Amino acid sequence: MCGALRPADSGKKAVLMGWVNRRRDLGNLIFIDIRDRSGVTQVVFNKERDPAIHQKAEGLRNEYVIAVVGTAKQRVPDTVNKNIATGEVELIAEELRILNESKQPPFLPSETVLPNEEMRLKYRYIDLRRDTMQYNIELRHKVALAIRDYLSAQGFFEIETPFMTRSTPEGARDYLVPSRVQPGSFYALPQSPQMFKQILMISGFDKYFQIVRCFRDEDLRADRQPEFTQIDLEMSYPQPERVWEVVEGFLTAAFKASGHEIKTPFPRMSYDEAMRLYGSDKPDMRLPAMVDVRSAFTPEEREKFAAAFKVSPDFTSLLIRIPKAGDISGTERRTIGTYGAFAHSQGTSFVSLMSDPNRFARDYPNSLEPILKAAGVEAGDLWVLAVRKADSRQSANQFYQTCGQLRLDLAQKYAAKHGFFAKTGDPAKDYRFIWVTDFPMFEWDRESGRWNAAHHPFTSLHDEDMAKLESSFDTTSDPKSALGEIRALAYDVVLNGTELGSGSIRIHRQDIQSKIFRALGMTEEEARSRFGFFLEALEYGTPPHGGIALGLDRIVMILAGADSLREVIPFPKTARAVDLMVDAPTPVSEAQLKELGIEVKK
RNA sequence: GGGGACGUAGUUCAGUUGGUUAGAACGCUGCCCUGUCACGGCAGAGGUCGCGGGUUCGAGUCCCGUCGUCCCCGCCA
């Protein structure tokens with residue numbers, strides 16, 4: 001391998017095969033860096049020593065594939081290259097074979113500046129030759145392997161489930177596959193193997209996992225691809241804590257595989273708390289929480305503030321703190337709230353911001369100190385007070401969420417100053433995990449005017465909330481229904497503000513499952529027609545069970561320090577869900593369509 | 001569906017107030033060079049300024065449309 005030679009090998013014969021990474025032609029002396037996935041080695045062609053082979057080497061160009069036979073030699077001290085692992089040796093070429101030539105590539109893998117992503121994706125095979133991509137793909141392999149090994153050792157079976165299955169209720173849009181044998185009918189690609197893994201529990205495979213591709217036809221983001229890989233698992237008879245333990249176990253193994261020792265158990269926080277403190281159900285714990293400072297106002301100044309901002313006297317006032325943002329000009333301060341997700345979410349329309357410390361000190365001199373103290377503000381920190389406009393129809397949670405977005409926008413803008421997103425080498429700081437628990441069971445869907453399952457309709461609820469469920473059947477089309485207060489036995493694992501995975505304890509009794517469908521405004525007949533097979537299965541002795549699924553791509557992305565899933569997926573799709581290399585999707589022939597009984601509207 | 005950024009040589013970019021022949025670096029071609037390692041030196045080739053339309057005496061530059069890539073909102077049980 002091209003990255004393997006060491007001083008101890010000097011004098012040995014070696015055969016290296018790989019690409020010409022760089023050539024340095026000094027005339028009678030030619031150096032070639034030969035590269036494969038393991039690294040690079042310098043090969044020397046000396047005209048004096050061997051004119052024939054030297055002449056052949058003159059014809060070498062970037063990205064030619066060659067085989068070199070030679071003798072490894074320790075370099076003399078002042079010619080050592082400390083930048084590469086093989087820098088203390090070189091290969092004295094004795095035989096050179098050109099295995100294949102290369103056209104001039106649109107860009108070179110050895111180039112330090114990246115071409116734009118369109119180019120990288122179109123010529124992905126060249127892009128993947130680059131060090132970082134080779135590293136990321138290797139990392140992905142190691143992480144997946146570590147997880148497989150861990151789960152297998154814990155008694156989990158990896159079991160495959162169908163890709164061609166039936167369209168699932170609710171959730172994301174399905175990718176559909178037309179049936180030729182039954183024209184007009186379609187398979188759907190799984191958004192997740194949810195029902196199959198529950199069926200596996202009913203089938204007695206009490207510990208299941210699968211590293212499996214899932215498909216969702218929704219718009220893409222940097223951390224969302226239409227096909228992505230989940231670490232999916234399910235087990236019988238667990239408390240949530242047991243599921244968390246398994247996840248913490250395989251994440252420990254996965255992080256160890258990439259050289260990081262993480263600490264378990266992860267901290268836990270309820271959904272309500274996460275919303276109040278971070279304005280998000282996936283809090284980024286690397287940054288300070290938001291603090292409600294309303295009680296730190298003096299009574300008089302609270303009145304004054306409420307009047308000035310036209311809010312009721314018991315207003316919620318969140319202080320968002322960005323540490324060490326340093327001096328910020330008035331002009332810059334006025335742009336707060338005009339960029340990023342906060343502006344996009346129309347936060348400015350119902351959230352008022354106060355971000356001028358001088359003005360605040362002037363108008364509320366007696367409250368300043370207690371407020372800054374309550375929020376832990378230190379010199380050099382940027383802080384913004386956010387209050388909800390009185391006439392707003394937005395819910396308290398929407399207010400928290402919007403403030404949470406502002407918190408992230410600001411943190412991103414001043415990342416270079418506070419440095420909380422930079423890797424320190426200390427896993428306890430670099431990787432802030434948290435379990436978010438007790439999600440709401442249902443969420444109101446304004447468009448369809450009914451309640452939806454927040455997680456999915458097979459999620460269990462807290463025993464104590466059962467009464468609320470049973471008393472709410474008359475209010476299933478009321479946005480103020482008590483359904484909104486029911487807590488699910490659902491949990492997310494979050495890392496640095498990214499949702500890694502989501503799971504729950506499932507419903508294992510048919511009578512409770514029916515009640516959930518009723519709450520979702522579904523009649524018995526509708527439920528039967530949509531997943532009758534599943535309801536029937538529940539009636540044949542279903543053990544209590546629960547599980548979770550984690551995004552492998554996201555885990556690897558964070559470990560790789562990448563900003564996009566495309567850096568850890570060999571063949572990803574663009575924001576318009578196009579594969580630029582193979583040019584998919586494409587129209588298909590009339591004949592193909594006809595066979596499937598499909599007519600395309602133009 | 002909506003908002004924003006970008007699109008100039010093979011690649012990464014610069015291109016002033018609209019003004020004569022559109023530049024640089026890397027890559028490419030040729031020549032020189034025996035210790036380079038992002039080798040160096042000399043010479044050279046390489047451009048439908050994404051595409052279409054408009055304004056203008058004159059458009060890479062201004063306007064409209066369109067296509068593509070990226071980021072975000074909506075969406076993502």
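Bear in mind that the values here come from a model prediction, so they are computed numbers and not experimental data. Reminder, nothing fancy here: chain letters follow the sequence lines and each chain counts from 1.
In this structure, of B/rU69, B/rC75, B/rU34, it is B/rU69 that holds the atom nearest to the side chain of A/Val578. With B/rC72, B/rC76, B/rC28 as the candidates, the nucleotide lying closest to the side chain of A/Arg221 is B/rC72. Comparing B/rC75, B/rG30, B/rC73 by their nearest atom to the side chain of A/Arg61 picks out B/rG30. Here the nucleotide nearest the side chain of A/Glu111, chosen from B/rU36, B/rC26, B/rC71, is B/rC26. Of the candidates B/rC71, B/rC75, B/rG27, B/rC71 carries the atom nearest the A/Arg566 side chain, counting heavy atoms from C-beta on.
Contact annotation: A/Arg23 side-chain N/O to B/rC39 OP1/OP2 distance is not under 4.0 Å. Put simply, A/Asn81 has no side-chain N or O that comes within less than 4.0 Å of OP1 or OP2 on B/rC37. At B/rU36, none of the side-chain N or O atoms of A/Arg24 fall inside 4.0 Å of OP1 or OP2 (strictly under the cut-off). In this model, the phosphate group of B/rC37 is not approached by any side-chain N or O of A/Asn83 to a distance below 4.0 Å at OP1 or OP2. Residue A/Asn116 places none of its side-chain N or O atoms closer than 4.0 Å to OP1 or OP2 of B/rU11. Between A/Thr574 and B/rU69 there is a side-chain polar atom (N or O) within less than 4.0 angstrom of OP1 or OP2. Between B/rG68 and A/Arg576, a contact under 4.0 Å exists linking OP1 or OP2 to a side-chain N or O.
If you check distances only, the side chain of A/Arg22 never reaches the base of B/rC37 with a donor-acceptor pair under 3.5 Å. One donor-acceptor pair, N or O on each side, does fall under 3.5 Å between the base of B/rC37 and the side chain of A/Arg75.
For the atom pair A/Ile32 CD1 and A/Arg61 CZ, the distance stands at 9.0 Å (nearest 0.5 Å).
As rounded to the nearest Å, B/rU61 and B/rC6 have P atoms that lie 14 Å from one another.
Within residues 544-555 of chain A, no residue has a heavy atom under 4.0 Å from RNA chain B.
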Polar pairs (N or O, both sides) under 3.5 Å between protein and nucleotides 5-7 of chain B?
none

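At a threshold of 4.0 Å, the pair A/Asp223-A/Arg221 does not count as salt-bridged, since none of the basic side-chain nitrogens sits closer than that to a carboxylate oxygen. A salt bridge between A/Arg35 and A/Glu63 is present, with a side-chain N of the basic residue lying under 4.0 Å from a carboxylate O of the acidic one. For A/Lys573 and A/Glu227, the salt-bridge test passes: some basic side-chain N is under 4.0 Å from an acidic carboxylate O.
Inspection of the A/Glu90 and A/Thr41 side chains reveals no N or O donor paired with an N or O acceptor under 3.5 Å.
Contact annotation for A/Phe107: no contact, since no heavy-atom pair falls under 4.0 Å across all strands.
A centroid separation of less than 6.0 Å is found between the aromatic rings of A/Phe531 and A/Phe517.
Mapping A/Ala575 and A/Val113 onto RNA chain B by nearest heavy atom places A/Val113 at the nucleotide closer to the 5' end.
Under the side chain to side chain contact (heavy atoms under 4.5 Å, CB included) rule, A/Ile507 has a single partner from A/Ile516, A/Thr459, A/Leu489, which is A/Ile516.
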